[in-house]
> 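Just passing along the structure, written as structure tokens.
Atoms within a ligand are numbered from 1 in the order they appear, just like the ligands themselves. Note that these values count all heavy atoms, side chains included, but never hydrogens, waters or copies made by symmetry.
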Amino acid sequence: MAESPYWNPRHETMPRDELDALQLRKLKRLVEWTEAQVPYQSKKLHDAGVTADSITALDDLRRIPFLTREEWMQGQIDNPPYGPILAAPREIAIRYHMTSGTTGRTPIRVLDSMKDWEWIAEMWCYGFWGFGIRPQDTVFFAFSYGTFVGFWGAHYACEKIGCLVLPGGNMTTEGRVKQIVDMGATVVCSTPTYALRMAQEAQALGIDLATGPVERLILSGEPAGSIPATKQLIEEQWGAKAGDTAGMTELGTIMIFECSHQPGGTHIIEDHFIEEVIDPLTSEPVDYGERGERVVTSFGRGFIPVLRYRTRDLVVKVPGNTCNCGRTFDIYDGGIRGRVDDMKLVRGTNVYPRAVEAIVRERREIDEFQIRLYTAEGIRDEIEVLIEVPDKAVDTESLTGELGRALAGAHEGLRFNVRIAEDNSLPRFELKAKRLVDDREVIGGKGERRSS
Ligand SMILES: [Zn+2]
């Protein structure tokens with residue numbers, strides 16, 4: 001049998017009209033099931049005048065009310081521990097997960113059934129297979145296997161494909177790097193930040209990863225997997241191809257993946273999700289090529305119906321044929337481009353951490369960095385970028401000057417103070433790097449108070 005480049009050849013190459021029809025059928029079933037199983041959501045649908053019977057075109061999706069994270073969390077507080085969103089009795093659950101938890105915030109808590117796990121792994125299979133991973137691969141997971149769902153589903157996907165899986169939980173970075181080389185791992189899964197950290201560790205150990213066995217990295221957990229400079233750096237240091245994916249705890253799995261053609265973005269798994277892109281302020285849909293917030297509707301989650309969930313992720317959708325792999329699934333150009341809430345207003349200029357990273361990562365001399373916002377003289381917002389430059393032969397004066405000019409040039413002339421930080425003084429991350437620190441007394445200068 002000739003091997004297909006697609007995990008699900010029929011669906012991944014389905015003409016748009018058939019894909020629309022498939023989504024419509026699934027949407028109707030999802031609404032029907034939600035009405036029957038979840039009184040809380042059923043009431044919301046009823047109040048909005050939505051019934052399964054009234055869904056006759058994909059546009060009817062827009063009549064369904066949004067589900068927000070705040071609403072989900074409030075539901076958990078009012079109705080602990082899961083909130084009123086479960087569509088099945090707790091006894092059917094086989095696994096508990098929660099969001100990785102920004103300090104001080106209530107985590108989202110989810111349950112999964114056996115059926116969910118089958119689907120969760122299936123979604124990751126689209127991504128792994130589509131990036132060229134096959135049964136003969138040995139896959140190392142640089143992941144801590146806790147209550148954060150992370151790569152759990154990917155682990156099962158690899159077993160489903162038939163790969164040899166190396167679960168690298170509870171190990172030091174040194175231990176992981178050594179095991180990857182010793183066991184001849186051909187695929188490594190981690191966050192983009194941690195892929196760089198392992199590469200630094202390998203260098204310190206005198207191990208040349210570029211000539212090692214690893215051929216592919218699957219990145220997830222941070223938007224950086226699609227930042228060109230970060231991705232290029234990872235690919236150079238590992239001598240391997242890096243593919244971006246993104247998922248979320250609310251869904252338990254990924255909804256987008258980069259194919260082996262590496263189109264500079266990620267295909268949306270459109271036979272299992274409807275991904276809308278809207279203006280975060282007006283909630284109106286935006287066109288192809290325009291930046292907006294992604295809103296997800298999921299057909300596969302068995303324990304929790306996810307209907308029009310406001311993700312706060314910023315994306316730019318482009319048509320599937322922008323990539324020449326033959327998939328009809330639309331693409332998020334540049335993957336997840338950050339979060340609606342990530343944007344910082346500094347002296348009237350919008351600053352996105354992702355845009356800063358894209359510029360900082362162009363300079364190979366920089367090992368780690370941090371963006372810090374603070375209030376100067378009690379009134380003025382200042383932004384500084386702290387960088388670690390381990391190579392003492394580097395002319396740091398011209399480096400900080402050049403970087404400051406490049407950052408200002410990309411931000412309407414906003415002044416960035418670039419400073420050298422002591423080696424290993426900045427935090428290192430295994431999961432979801434948090435490189436922006438906001439120490440301002442009043443954020444945004446318009447009375448917007450710091451919330452965390
Ligand atoms: Zn493609």
> Using a strict 4.0 Å threshold on nitrogen-to-oxygen distance, state whether Arg294 and Glu276 make a salt bridge.
no
> With a 4.0 Å cut-off, would you call Arg63 and Asp60 a salt bridge?
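Looking at Asp60 together with Arg63, the answer is yes, because their closest N to O distance falls below 4.0 Å.
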> At what distance, to the nearest 0.5 angstrom, does OG1 of Thr297 lie from CG of Leu251?
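Answer rounded to 0.5 Å: 9.5 Å.
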> Check step by step if side-chain contact (heavy atoms from CB on, under 4.5 Å) holds for Tyr309 and Arg69.
CA-CA 8 Å; Tyr309 184 61; Arg69 187 188 165 109; 3.3 Å; yes
> What's the shortest heavy-atom distance between Leu30 and Pro305, and which atoms?
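Reported closest heavy-atom pair: CD1-CB, 4.3 Å.
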> What's within reach of the Zn ion (ligand 1), meaning protein N/O/S atoms under 2.8 Å?
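Under 2.8 Å from the Zn ion (ligand 1) - ignoring waters, which are not counted - the protein N, O or S atoms are Cys259 SG, His267 NE2, Cys323 SG, Cys325 SG.
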> Excluding sequence neighbours, so at least two apart, what forms side-chain contact (heavy atoms from CB on, under 4.5 Å) with Arg25?
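Arg25 satisfies side-chain contact (heavy atoms from CB on, under 4.5 Å) with Ala21, Leu22 once adjacent residues are dropped.
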